[in-house]
Amino acid sequence: MVNRGAGSRPKYQRIADDLKQAIREGRYGSGDRLPGENDLMATYEVARMTARQALGVLQNEGLVEARKGAGVFVRSFRPLRRRGIQRLAEEAWGNGRSLWSADDDGRSVTVDRVSVDEQPASARVAAVLGLAEGDAVCVRSRRYVLDGKPVLLAVSYLPAALVSGSAITRQDTGPGGIYARLADLGHKPVHFREEIRSRMPSAGEADCLELSMGTPVFLVARTAFTADGRAVEVNEMTLDSASYVLEYDFDG
């Protein structure tokens with residue numbers, strides 16, 4: 001029942017608090033179905049709209065997901081650990097492994113949407129790459145899928161003059177990916193900078209990542225630099241926050 005000591009909090013919020021407490025205590029585990037609107041109406045003696053609002057709070061906080069025709073379920077969360085430092089080590093991509101090899105934990109990662117084309121650089125990308133606005137850049141867009149669920153959208157921008165005619169301009173860049181091919185061209189990346197933000201997704205992002213209502217995204221912007229300090233790639237990534245733990249392991 002609703003916690004009567006909750007003061008003036010709205011009824012729907014107090015019901016949501018009860019449900020969250022039940023999840024924390026393990027009464028509803030990962031993948032379990034929560035009481036539906038009719039159950040909540042009977043238990044708490046509230047109107048349907050109040051019950052719906054209570055479930056909506058949990059959805060907006062990313063704790064549960066609604067399945068059409070089936071109900072509302074506690075979200076399953078087996079995070080993908082994105083090891084931000086280990087994944088960029090040359091010993092990985094330099095030996096033909098993908099960056100994903102540090103993250104996938106033995107699970108199946110696929111790229112189901114790849115496009116490569118040439119576009120004029122935006123002011124933002126041009127400033128990072130040391131180009132003039134409108135200069136040509138090679139744009140590589142990918143969607144990554146883990147265990148059948150889209151988890152990441154990535155768009156890389158590279159100076160077109162730098163990568164022209166190389167495997168970077170093809171869908172399959174070969175063993176080691178973009179960084180191995182940059183090394184082949186004499187522009188090996190040796191330093192990386194990542195900036196991380198979080199926000200709610202756009203409608204297009206939510207659709208592409210098949211996000212449940214209330215799920216925010218991580219935005220990771222990575223720049224790769226050569227030994228002489230030249231920026232050779234900007235990679236803008238949009239991650240499903242419910243699928244990731246961002247892990248950084250380094251010595252003090």
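No experiment lies behind these values; they were computed from the predicted model shown. For the single chain, residues carry numbers from 1 onward in sequence order.
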Check the hydrophobic clustering (I, L, V, M, F, W, Y; side-chain heavy atoms under 4.5 Å; chains of links allowed) and say if L129 and V163 are grouped together.
no

Heavy atoms of P150 and D240 approach each other most closely as O-OD2, 4.4 Å

> Do other residues, nucleotides or ligands put more than 12 heavy atoms under 6.0 Å from R24 CZ?
Replying inline: yes

**Message:** Checking R140 against N235: is there a side-chain donor and acceptor pair closer than 3.5 Å?
**Reply:** no

On a heavy-atom basis, the closest approach of D135 and L131 is OD2-CB, 3.7 Å

d(R75 CZ, S30 OG) to nearest 0.5 Å is 10.5 Å

Y244 side chain reached by V151 side chain, heavy atoms, under 4.5 Å: yes

Rounded to the nearest 0.5 Å, the NZ atom of K11 sits from the CD atom of E45 at a distance of 8.5 Å

Original post:
Is it true that a side-chain atom of Q13 and a backbone atom of P10 form a donor plus acceptor pair closer than 3.5 Å?
Top reply: no

Single-linkage hydrophobic cluster, 4.5 Å side-chain cutoff, V74 and L40 together: yes

Table please: side-chain donor-acceptor pairs of residues 111-118 below 3.5 Å, with sequence neighbours left out.
residue	atom	partner	partner atom	Å
D112	OD1	R143	NE	3.0
D112	OD2	R143	NE	3.3
D112	OD2	R143	NH2	2.5
D117	OD1	Q119	NE2	3.2
D117	OD2	Q119	NE2	3.3

- Side-chain touch L239/V220, heavy atoms, less than 4.5 angstrom: yes

Looking at side-chain heavy atoms only, is the closest gap between L19 and P35 below 4.5 Å?
yes

T173 side chain vs A167 backbone, donor-acceptor pair below 3.5 Å:
no

Discussion item. The test is side chain to side chain contact (heavy atoms under 4.5 Å, CB included); show your working for H187 and R230 and say whether it passes.
Written reply: CA-CA 9 Å; H187 303 288; R230 180 181 183 181; 4.1 Å; yes

Minimum side-chain heavy-atom gap D17-R9 below 4.5 Å
yes

If you count heavy atoms of other groups shown closer than 6.0 angstrom to CE of M200, is the number above 12? yes

State whether the side chain of S164 and the backbone N or O of A161 hold a donor-acceptor pair below 3.5 Å, judged by distance alone.
no

Are any side-chain N or O atoms of R33 and backbone N or O atoms of A70, one a donor and one an acceptor, separated by less than 3.5 Å?
yes

**Asked** Are R124 and E236 close enough for a salt bridge, meaning some N to O gap below 4.0 Å?
**Response** yes

**Request:** Kindly say whether V217 contributes a backbone atom to a donor-acceptor pair with the side chain of S198 at under 3.5 angstrom?
**Result:** yes

Interatomic distance, OG1@T223 vs CD@E194, rounded to 0.5 Å, equals 9.0 Å

Salt bridge (charged side-chain N to carboxylate O under 4.0 Å, His left out) between E65 and R67, intermediate numbers included = CA-CA 6 Å; E65 57 185 357; R67 300 176 190 170; 3.4 Å; yes

Interatomic distance, CD@E37 vs OG1@T50, rounded to 0.5 Å, equals 10.5 Å

Shared hydrophobic cluster for V125 and V155 (ILVMFWY, side-chain gaps under 4.5 Å): yes

Taking the side chain as C-beta and beyond, is there a heavy-atom pair between L219 and R199 under 4.5 Å? yes

CG (L153) and OH (Y144) are apart, to the nearest 0.5 Å, by 10.5 Å

Is M237 linked to Y248 within one hydrophobic cluster, defined over Ile, Leu, Val, Met, Phe, Trp and Tyr using a side-chain heavy-atom separation of less than 4.5 Å? yes

Margin query: Has K149 got a side-chain atom pairing as donor or acceptor with L209's backbone, closer than 3.5 angstrom?
Written below: yes

Heavy atoms of A54 and A16 approach each other most closely as O-CB, 3.7 Å

- Query: Taking side chain as C-beta onward, heavy atoms only, is F218 less than 4.5 Å from L246?
  - Reply: yes

d(R52 CZ, M41 CE) to nearest 0.5 Å is 9.5 Å

Worksheet item: Is there side-chain contact between Y157 and E233, with at least one heavy-atom pair below 4.5 Å?
Response: no

| task | Mark yes or no for whether D18, through its side chain, and I15, through its backbone, hold a donor-acceptor pair below 3.5 Å. | result | no

Taken in chain and number order and not counting sequence neighbours, the residues that satisfy side chain to side chain donor-acceptor pair (under 3.5 Å) with T238 are none

| request: For residues F192 and Y179, establish whether the separation of their ring centroids is below 6.0 Å. | output: yes

Check: Where the side chain of T43 meets the backbone of D39, is there a donor-acceptor pair that is under 3.5 Å apart?
Finding: yes

Side chain to side chain contact (heavy atoms under 4.5 Å, CB included) test vs L158 passes for just one of V234, V232, I168, V137, namely I168

*Tell me whether L58 is reachable from Y28 by hopping between hydrophobic residues (I, L, V, M, F, W, Y) whose side-chain heavy atoms are closer than 4.5 Å.*
yes

field: Salt bridge D184-R181, side-chain N to carboxylate O under 4.0 Å
entry: yes

